[in-house]
Amino acid sequence: MFVIVVYDVQSVRVAKVKKICHPYLFWVQRSTFEGNLSRKQVQALKKSLEDVIHPDHDQVKMYIIQQDTAVQTEVLGCPDQPEPFMF
């Protein structure tokens, strides 16, 4: 299934959320990841995110599209930027 994760979290948790999403999905913009995952991977990602975010202050939206053939992506503006090298 194709998954898009969009998050708006307090600054102290931004790096943690990004680090959790990184092994599962491709980073496409500041607070957006996308990619194909199995149902088991979606559940693992969801659990990891729930363990990190604060439910009263943070929000993570997971758009789960059951068939990746149903996804059509159109990009307006500049092309994808390479991810900056981070430690």
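Quick caveat, the model's predicted, so the values are computed rather than measured. The residues of the chain are indexed from 1 along the displayed sequence. Just so you know, these numbers use all the heavy atoms, side chains as well, and skip hydrogens, waters and symmetry mates.
Of the inter-residue distances, the one linking Met1 atom CE with Leu37 atom CG reads 8.5 Å to the nearest 0.5 angstrom. Of the inter-residue distances, the one linking Ile4 atom CD1 with Leu25 atom CG reads 10.0 Å to the nearest 0.5 angstrom. Here CD of Gln43 is found 8.0 Å from CZ of Arg39. Values are rounded to the nearest 0.5 Å. Residue Gln72 holds its CD atom at 12.5 Å from CD1 of Ile65, rounded to the nearest 0.5 Å.
When the side chains of ILVMFWY residues are joined at heavy-atom separations under 4.5 Å, either directly or via intervening members, Met62 and Val6 end up in two distinct hydrophobic clusters. There is a path of hydrophobic side-chain contacts, each under 4.5 Å, that joins Val42 to Tyr7. Using a 4.5 Å cut-off between side-chain heavy atoms of Ile, Leu, Val, Met, Phe, Trp and Tyr, with links allowed through other members, Val60 and Val52 fall into the same hydrophobic cluster. A single hydrophobic cluster is seen to contain both Val17 and Ile64, as judged by linkage of ILVMFWY side chains at heavy-atom distances under 4.5 Å, directly or through other members.
The aromatic rings of Trp27 and Phe33 sit tilted, their planes meeting at an angle between 30° and 60°.
The shortest distance between side-chain heavy atoms of Val5 and Leu45 falls below 4.5 Å. At least one side-chain heavy atom of Arg13 sits less than 4.5 Å from a side-chain heavy atom of His54. Counting heavy atoms from C-beta on, the side chains of Val71 and Glu34 never come closer than 4.5 Å.
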Stepwise side chain to side chain contact (heavy atoms under 4.5 Å, CB included) check, Cys21 with Leu49:
CA-CA 8 Å; Cys21 291; Leu49 290 169; 4.1 Å; yes
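No more than 12 heavy-atom neighbours from other residues, nucleotides or ligands sit within 6.0 angstrom of CD on Gln67.
With sequence neighbours left out, the side chain to side chain donor-acceptor pair (under 3.5 Å) criterion links Thr73 to no other residue.
Within the structure, salt bridge (Lys or Arg N to Asp or Glu O under 4.0 Å) pairs that include any residue of residues 42-54 comprise Lys47-Asp51 (at least two apart or interchain).
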